[in-house]
Student: 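First the structure, then my questions, so here it is.
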Amino acid sequence: MNDNSLQPRLRQRGRASVDFLAHVFHGATQVRQGVQEQLNTRFGEGASLPDDLDERHEAVAGALSEEPGYRVQQAIGEWHSRQHGLIAINAFEELKPRITERLAQYDEGPSRLTAEKDFKPPDYFEGVEIHRTRGGWDGHPCMGFIHGEIVHRLIVDATYPGGIFTQRRMVAGLAPKESYGRILEMGCSTGHFTRALAETYPNAEIVGVDVSIRTLEHALRAGNSCGYSWQLYLRAAENTGFEAESFDLVTSYILLHEMPASAIRACFAEAYRVLAPGGDLLMSDVARYAHLNKIQEWQADQLARFGGEPFWRESASLDLVAALKDAGFEEAEGRALGNQGYPYPYVITARKPA
Ligand SMILES: C[S@@+](CC[C@H](N)C(=O)[O-])C[C@H]1O[C@@H](n2cnc3c(N)ncnc32)[C@H](O)[C@@H]1O
């Protein structure tokens, strides 16, 4: 089992650019605090601001547009979200001659990837360049490595309160039972949460689905590099094609904010269908807008705009617990696990009646 074999050791230019991104984020902390103070002074918790979020964006921009701190914050937010994908791709290109063989060595192993040729991604992805990255999840032949190992491991983790890998492990441990026979992970992407599941439930058979072939190719390598026997499928969460009642736990980590509300409901219905009676659901996602005051909601929505997240608002506005009950689940619960006082991550659990 080789834990670190896929972790990138960037060349100098790539490393400098990636570090620069993280430093810009941390260096702007005081700017963000300054804007926060201005917002507090002008709007308190935002009760006087419009209910409509688009109008609220306009009202805040109108009030702060002449403030240097706000302008710097906007410029950094825009620059960061436009540049991170490009910087990660360039860092990969510089590394490519040294890493291609190492990656290919993990194409074979105990994990399996099944991709039917006629697979079509859900209609709502049509024309969407998710995360403002050209071509979205599949925009580069090695987007799995770029997204999983460079963006998530070196950029997101460095700027995520508490660390995103630590959070994945924490969330994986929140399922109600101590062990599971068969686990389905929806939106498994490059396999980071899959690995947290494998470490938490070492005896479970783990199946992952995702709509992005590039990220799944990397999950395959990640599974093989650790000696795991994951079964990975290019399939949509809302239509997995698996046998009814064939899983004991259905789970996801930061999948739901990538989907419109109708797809989330379809995904819960699919989870219900494939769970055995008495089976559990555990999913973790972004803060619910209903738990935020108007200023925090504006901030979350602004991040979603910068980040090229077309369904975040719709998803964060959906009452997930009510949607789970509508799908037939019992004991449906949502918990906002505060991170530095902020109601994130939001973790839902539910059970299919026995
Ligand atoms: C933010 S990523 C996160 C994932 C991963 N669980 C992790 O911990 O890194 C979301 C993933 O969900 C996938 N996705 C989006 N919509 C999906 C759908 N309808 N069915 C399955 N996967 C989906 C995307 O392709 C992407 O790989």
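We count ligands from 1, going down the list as the structure has it; atoms in each ligand are counted the same way.
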Student: Under 4.0 Å from a heavy atom of Tyr124: which atoms of ligand 1 are those, numbered in the order shown and with their elements?
Tutor: 19 (N)
Student: Has ligand 1 got any nitrogen or oxygen that is less than 3.5 angstrom from a nitrogen or oxygen of Ala237?
Tutor: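 Right, the criterion is met.
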Student: Is the closest heavy-atom distance from Ala263 to ligand 1 below 4.0 Å?
Tutor: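 Ala263: no contact with ligand 1 (<4.0 Å).
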Student: Looking at Arg32, I want to see if its CZ is surrounded by more than 12 non-hydrogen atoms of other residues, nucleotides or ligands under 6.0 Å.
Tutor: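 For Arg32, atom CZ is crowded (more than 12 foreign heavy atoms under 6.0 Å).
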Student: At under 4.0 Å between heavy atoms, is it the side chain or the backbone of Phe311 that contacts ligand 1, or both, or neither?
Tutor: neither
Student: Looking at Arg273 and Glu270, is any side-chain nitrogen of the basic one under 4.0 Å from a carboxylate oxygen of the acidic one?
Tutor: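 Answer for the salt bridge query: yes.
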Student: Are any of the N/O atoms on His152, whether in the backbone or the side chain, positioned under 3.5 angstrom from an N/O atom of ligand 1?
Tutor: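 No; every N/O pair is 3.5 Å or more apart.
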Student: Can you list the atoms of ligand 1 that are under 4.0 Å from a heavy atom of Ala236?
Tutor: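 The list of qualifying atoms is 20 (N).
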Student: Under the salt bridge (Lys or Arg N to Asp or Glu O under 4.0 Å) rule, collect the residues that match up with Asp285, sequence neighbours excluded.
Tutor: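 If we apply the salt bridge (Lys or Arg N to Asp or Glu O under 4.0 Å) test to Asp285, skipping adjacent residues, there are no hits.
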Student: For the CD atom on Gln36, are there more than 12 heavy atoms of other groups (residues, nucleotides or ligands in this structure) within a distance under 6.0 Å?
Tutor: yes
Student: Which ligand 1 atoms, with their elements, are less than 4.0 angstrom from a heavy-atom of Ser212?
Tutor: 25 (O)
Student: Quick check against the 3.5 Å criterion: does Asp157 have a side-chain atom that pairs as donor or acceptor with the backbone of His152?
Tutor: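 A pair under 3.5 Å: no.
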Student: Aromatic ring centroids of Trp79 and Phe20 under 6.0 Å?
Tutor: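 Yes, close enough.
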Student: Does any N or O of ligand 1 fall below 3.5 Å from an N or O anywhere on Glu238, backbone included?
Tutor: yes
Student: Any idea which atoms of ligand 1 are less than 4.0 Å away from a heavy-atom of Phe125?
Tutor: 15 (C), 16 (N)
Student: Is Asp210 close to ligand 1, meaning an N/O of one under 3.5 Å from an N/O of the other?
Tutor: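 The answer is yes, given that Asp210 and ligand 1 share an N or O pair closer than 3.5 Å.
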Student: Compute the shortest N/O to N/O distance between Val209 and ligand 1 and return yes if it is under 3.5 Å, no if not.
Tutor: no
Student: Looking at Phe242, is Arg235 sitting on its ring face, NZ or CZ under 6.0 Å from the six-membered ring centre and within 45 degrees of the normal?
Tutor: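 Yes, a cation-pi geometry holds between Arg235 and Phe242.
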Student: With only distance considered, is Arg168 within less than 3.5 Å of ligand 1 through an N or O on each side?
Tutor: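 Min N/O separation from ligand 1 is below 3.5 Å for Arg168.
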Student: Consider ligand 1: state whether an atom of it lies below 4.0 angstrom from any non-hydrogen atom of Tyr233.
Tutor: no
Student: Is there any N or O on Arg235 that sits under 3.5 Å from an N or O of ligand 1?
Tutor: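 So ligand 1 has no N or O lying under 3.5 Å from an N or O of Arg235.
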Student: Donor-acceptor pairs under 3.5 angstrom involving side-chain atoms of residues 345-354: please list them, not counting sequence neighbours.
Tutor:
unit_1, atom_1, unit_2, atom_2, d
Arg351, NE, Asp280, OD1, 3.0
Arg351, NH2, Asp280, OD1, 3.3
Lys352, NZ, Tyr272, O, 2.7
Lys352, NZ, Leu275, O, 2.8

Student: With only distance considered, is His147 within less than 3.5 Å of ligand 1 through an N or O on each side?
Tutor: no
Student: May I ask you to list the atoms of ligand 1 that are less than 4.0 angstrom from any heavy atom of Phe193?
Tutor: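 Under 4.0 Å from Phe193, ligand 1 has these atoms: 8 (O).
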Student: Would you mind running through ligand 1 and noting each atom that sits below 4.0 Å from a heavy atom of Glu185?
Tutor: 6 (N)
Student: Could you tell me whether the side chain of Tyr180 and the main chain of Phe247 form a donor-acceptor pair under 3.5 Å?
Tutor: no
Student: Using heavy atoms and a 4.0 Å limit, tell me yes or no: is Met259 in contact with ligand 1?
Tutor: yes
Student: Could you pull out the closest heavy-atom pair between Ser111 and Asn224, with the gap in Å?
Tutor: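 That closest heavy-atom pairing would be N-OD1, 2.8 Å.
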Student: Any salt bridge linking Arg265 with Glu238? Criterion: basic side-chain nitrogen under 4.0 Å from a carboxylate oxygen.
Tutor: no
